[in-house]
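Chain letters run A, B, ... following the sequence lines, proteins first, then strands; residues in each count from 1.
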Amino acid sequence: MAAYLARRGATSLMTLLAVITVAFFLIRAAPGGPFDGERRLPAQVEANLRAAYHLDEPLIAQYGRYLWMLGRGDLGPSFRSKDFTVNELIASGLPVSLTVGGFALALAAGLGIAAGAVAGLRPGRRLDRGITVAAAAGLALPPIVVAPLLALVFAVTLGWLPAGGFESPRHVLLPAVALALPYLAAFARLTRGEVAEALAAPHVVTARAKGLPAHRIALRHVLPTALLPAVSFLGPAAAALLTGSMVVEEVFALPGLGRHFVQGALNRDYTLVLGTVIVYATLILAFNLAVDALYTRLDPRIRLGR
Amino acid sequence: MRGLLRAAWAHSAWTRACAALLCAVVALAVIAPDASPWGVDEIDWDAIDRGPSARHWFGTDSAGRDLLTRSWAGARLSLSLALLGTAVSAAIGIPYGAIAGYFGGRVDQAMMRAVDATYALPFVFLVILLVVAFGRNVYLLFIAIGAVSWLDLARIVRGQTLAVRNELYVEAARALGAPRTTILLRHVIPNLLGPAIVYATLTLPGVILAESFISFLGLGVQEPQASWGVLIADGAREMQGSWWQLAFPATLLASTLLAVNTLGDALRDALNRRATLAAPRE
């Protein structure tokens, strides 16, 4: 298993390098530059600026320079926010995004898996049908719809929770719920289907024929196998929640990583966009690796190191 | 394909309602923007930021533009972009999967290895990368989004091809000396088109969501053009005093997503049932 994880880690590093390379050249190929402002800069000033940021060098030299800096953990200065380095901007935004995303993931996976298991263990009952309908509705409610609605109802109208900012745990609640909703529904549907299917599996029929009590069958024979797909769904869900948090960061004015990305993309702030992309990619790849490791521990059928 | 549609239609009254809803949304997206007496960016100076009325059924936005016209023009653009992306993904995914499955062996291995490698990158992530590169041209952006969302489809089509490849009619064509490209184009691909189209519908909601997400952030469709993402972003800014600015486009987006999801599921169910029936009995 250690060998397998080492190999997966190496692949992840290769993927990361590929992402950095593609992102670097894609951004440079995009039309517009970081110094196209409202007012045209004097040619001499622009030339000096470009020289100061090494934008006058050949692309490949810039790429080499960037990788060299990256190797030392330096993401460079921000082109637009002149007084900040990208490291500083990311250090301020990352905890916010991680808090919201982590809370949303816990909510989506925890509640979603529980609801799906409850529904799947009693297929066809009223509770099952209720949960299935709710899940179908949840899948059709993306954060761009739910986030403003929650803000309107719970923050503006009822005044129970703050409408924006990032000061206390209460500030995280609405954004996390808005972000989690479609994934909660997705977890519930996935789990429901797997549990219902596992109930009909031969080993469960045998367990029932032996006269085992229902809760023992559910806990020992149904859930362990039926929950595995939900575990592997954690990877893509986490990635989507992390990147999806851009929307709730806009709506709830959270000073997170997503806002830096959006601002950077709008302003052609090369280093800031690249920095956020690299941080996102690293987090996603690391999380997928962790999920893989968890999966190999949970599923005894997987014999690794083939 | 027609059998599949009939089976999906017979699925439940709920599916039929969703099909009707989707047809209505598409029809209105085609007709309503031109049939409306107001233009997409025409300003009614006597009704700035007004609620629904006989004059403006969905109300007006803060610039005095008719929201009914803008909502349906938004539907037209959002759905067109989603269809464009889905069409591109089908145009890549179907041949890719068919070639990998039909030729098999080393070709298949290399092609599917490439798909697996690309899977390591989540869809949303690819999308935000593409936004940076193509942000100024939404059509190009959605062609690019289509060009990164064909992975699932390629896998499905490859599986279908593996099954179709061994059918008697393919063997007959081979025995008659038909060249491989002819067999692929005339015998294999037409016979897996039904399932392929079903799985292509399942990529549609993802692309609709991507459009609304990108435009909401201001990185996709730009004012004065309207799309669901743009309208919801505007509505969210004004929701405190003017609920209608958010309510109409948000409801449209959510109900369209619901209808597309439901129909996709019903089609997939019909397909799975057919596969189970066709499978050889032990």
Under the side-chain contact (heavy atoms from CB on, under 4.5 Å) criterion, do F261(A) and V131(B) qualify, and how do the steps go? CA-CA 11 Å; F261(A) 173 81; V131(B) 165; 5.6 Å; no

Listing request: all salt bridge (Lys or Arg N to Asp or Glu O under 4.0 Å) pairs with a residue in residues 210-227 of chain B, at least two apart in sequence or in separate chains. R65(B)-E223(B), R70(B)-E223(B)

Give every residue pair that meets the salt bridge (Lys or Arg N to Asp or Glu O under 4.0 Å) criterion with at least one member in residues 253-263 of chain A, sequence neighbours excluded. E250(A)-R259(A)

Measuring heavy-atom distances to chain B, does [X] have an atom under 4.5 Å in its side chain, in its backbone, in both, or in neither?
X	result
V273(A)	side chain
A147(A)	neither
V247(A)	both

Indicate the atoms forming the closest heavy-atom contact of L253(B) with V145(A), along with that distance. CD2-CG2, 3.9 Å

Least distance between heavy atoms, S212(B) atom then I144(A) atom: CB-CD1, 3.4 Å

Interface moiety of L217(B) toward chain A, non-hydrogen atoms closer than 4.5 Å: both

Between W243(B), W14(B), F216(B), which shows the greatest number of heavy-atom pairs under 4.5 Å with chain A? F216(B)

Given the rule in the side-chain contact (heavy atoms from CB on, under 4.5 Å) test, do F213(B) and M246(A) qualify, once you have shown the distances and angles that lead to the verdict? CA-CA 9 Å; F213(B) 170 81; M246(A) 287 175 200; 4.1 Å; yes

If contact means a heavy atom pair closer than 4.5 Å, which residues of residues 244-251 of chain B contact chain A?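 Heavy-atom contacts from residues 244-251 of chain B to chain A are L246(B), A250(B).
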
Looking at F287(A), I'd like to know if its CZ atom is crowded, meaning that more than 12 non-hydrogen atoms belonging to other residues, nucleotides or ligands lie closer than 6.0 Å.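 Result for CZ/F287(A): enclosed.
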
With sequence neighbours excluded, tell me which residues meet side-chain hydrogen bond (donor to acceptor under 3.5 Å, both in side chains) with S245(A).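 For S245(A), the residues satisfying side-chain hydrogen bond (donor to acceptor under 3.5 Å, both in side chains) (neighbours in sequence not counted) are E249(A).
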
With side-chain contact (heavy atoms from CB on, under 4.5 Å) as the criterion, how do L139(A) and L257(B) come out once you've worked through the C-alpha distance, each side chain's angles and the decisive distance to 0.1 Å? CA-CA 8 Å; L139(A) 279 177; L257(B) 279 175; over 6 Å; no

